[in-house]
Amino acid sequence: MATKKKIKTFAEACKALGIKTAVPDVSMLPVKDRKAIIAHYKLTKIIEALNEGWKPNWNDSSETKYFPWFQIKADAKRPAGFGFSYYDCDGWHTGTYCGSRLCLKSRELALYAGKQFKDLYIEYFLFKN
């Protein structure tokens, strides 16, 4: 897939979408939430670029939607599960009317995003102690 070769960073995703690389001002939020909100924003733009205009049809339960799947292991040193390791990707069939901005159109892209943007997923999903 040509897209994943082009999109290796947030800046490249923004360029592909024709938007500025600025992130939202989150200064009004609690400090503990700021990195997660910025990471979520970056991931939504990266995934939008990787999907090249594809949007999931949440009314179509036969359409497979993909997202990276991670194995998170907490221990005494990492009580919040900082042992975040890329595990696999998963596809879902759903009949729900709400969706995720973080799903991808193919298994290949989900695998790629999970590996290439692992640090952003860590910032978004996990608390760091």
Side-chain angles (χ1 to χ4, degrees):
M1 174 159 288
T3 301
K4 75 178 187 182
K5 292 177 184 168
K6 293 188 286 185
I7 309 300
K8 291 186 175 30
T9 65
F10 171 66
E12 290 175 3
C14 291
K15 184 176 179 181
L17 295 171
I19 61 174
K20 294 181 180 181
T21 58
V23 296
D25 176 20
V26 294
S27 61
M28 78 297 286
L29 299 174
V31 174
K32 67 180 180 72
D33 297 326
R34 292 176 188 173
K35 283 185 179 182
I37 298 300
I38 290 170
H40 181 260
Y41 174 76
K42 287 180 176 183
L43 285 169
T44 62
K45 296 298 128 193
I46 289 165
I47 288 171
E48 184 179 347
L50 288 172
N51 279 330
E52 299 178 302
W54 176 85
K55 291 185 172 102
N57 179 353
W58 294 102
N59 293 317
D60 183 357
S61 61
S62 67
E63 178 186 75
T64 305
K65 294 124 179 110
Y66 297 87
F67 60 94
W69 186 261
F70 300 92
Q71 183 174 15
I72 302 170
K73 292 189 178 187
D75 58 29
K77 288 181 169 179
R78 301 171 298 225
F82 188 70
F84 193 81
S85 62
Y86 178 74
Y87 186 65
D88 202 352
C89 75
D90 202 358
W92 285 86
H93 296 279
T94 183
T96 185
Y97 291 95
C98 62
S100 168
R101 294 175 182 265
L102 299 180
C103 72
L104 292 127
K105 65 182 177 179
S106 72
R107 182 178 197 279
E108 178 187 32
L109 283 176
L111 289 167
Y112 174 76
K115 291 176 184 174
Q116 182 68 25
F117 302 104
K118 179 180 168 184
D119 291 341
L120 281 176
Y121 281 103
I122 288 170
E123 284 187 16
Y124 176 56
F125 285 123
L126 301 178
F127 288 108
K128 291 185 184 179
N129 293 341

Problem - Separation between CD1 of I47 and NZ of K42, rounded to the nearest 0.5 Å - result: 14.0 Å

Handout entry: Point-to-point distance, once rounded to the nearest 0.5 Å, from CG of L111 to CZ of R107
Key = 4.5 Å

Exercise for the section: Is it possible for you to check whether K65 lies under 6.0 Å from the centre of the six-membered ring of W58, through NZ or CZ, and within 45° of that ring's axis? Expected result: yes

Exercise for the section: Report yes or no: do F70 and L43 belong to one cluster of Ile/Leu/Val/Met/Phe/Trp/Tyr joined by side chain heavy-atom distances under 4.5 Å? Expected result: yes

Handout entry: Linked, directly or transitively: L102 and I7 (ILVMFWY side chains, under 4.5 Å)
Key = yes

Handout entry: Side chain to side chain, F67 and L104, heavy atoms closer than 4.5 Å
Key = no

Handout entry: Sequence neighbours excluded, every pair satisfying ring-ring contact (aromatic ring centres under 6.0 Å, His included) that has a member inside residues 15-35
Key = none

Practice task
Considering non-hydrogen atoms only, spot the tightest contact between P68 and Y121 and give its length.
Solution key: CG-OH, 3.4 Å

Exercise for the section: Examine distances only and state if a side-chain atom of N51 and a backbone atom of C103 form a donor-acceptor pair shorter than 3.5 Å. Expected result: yes

Practice task
May I have all residue pairs that pass ring-ring contact (aromatic ring centres under 6.0 Å, His included) and include part of residues 6-25, sequence neighbours excluded?
Solution key: none

Handout entry: With sequence neighbours excluded, residues passing salt bridge (Lys or Arg N to Asp or Glu O under 4.0 Å) with K45
Key = E48

Side-chain donor-acceptor pairs under 3.5 Å in residues 13-33, sequence neighbours left out?
{"unit_1": "D25", "atom_1": "OD1", "unit_2": "S27", "atom_2": "N", "d": "3.0"}
{"unit_1": "D25", "atom_1": "OD1", "unit_2": "S27", "atom_2": "OG", "d": "2.8"}
{"unit_1": "D25", "atom_1": "OD2", "unit_2": "S27", "atom_2": "OG", "d": "3.3"}

Exercise for the section: Return the set of residues passing side chain to side chain contact (heavy atoms under 4.5 Å, CB included) with A39 (not counting sequence neighbours), or none when no residue passes. Expected result: L120, E123, Y124

Practice task
Return the orientation label for the Y112 and F117 ring planes: parallel under 30°, perpendicular over 60°, tilted otherwise.
Solution key: perpendicular

Practice task
Would you confirm whether E12, through its side chain, and K8, through its main-chain N or O, come within 3.5 Å as a donor-acceptor pair?
Solution key: yes

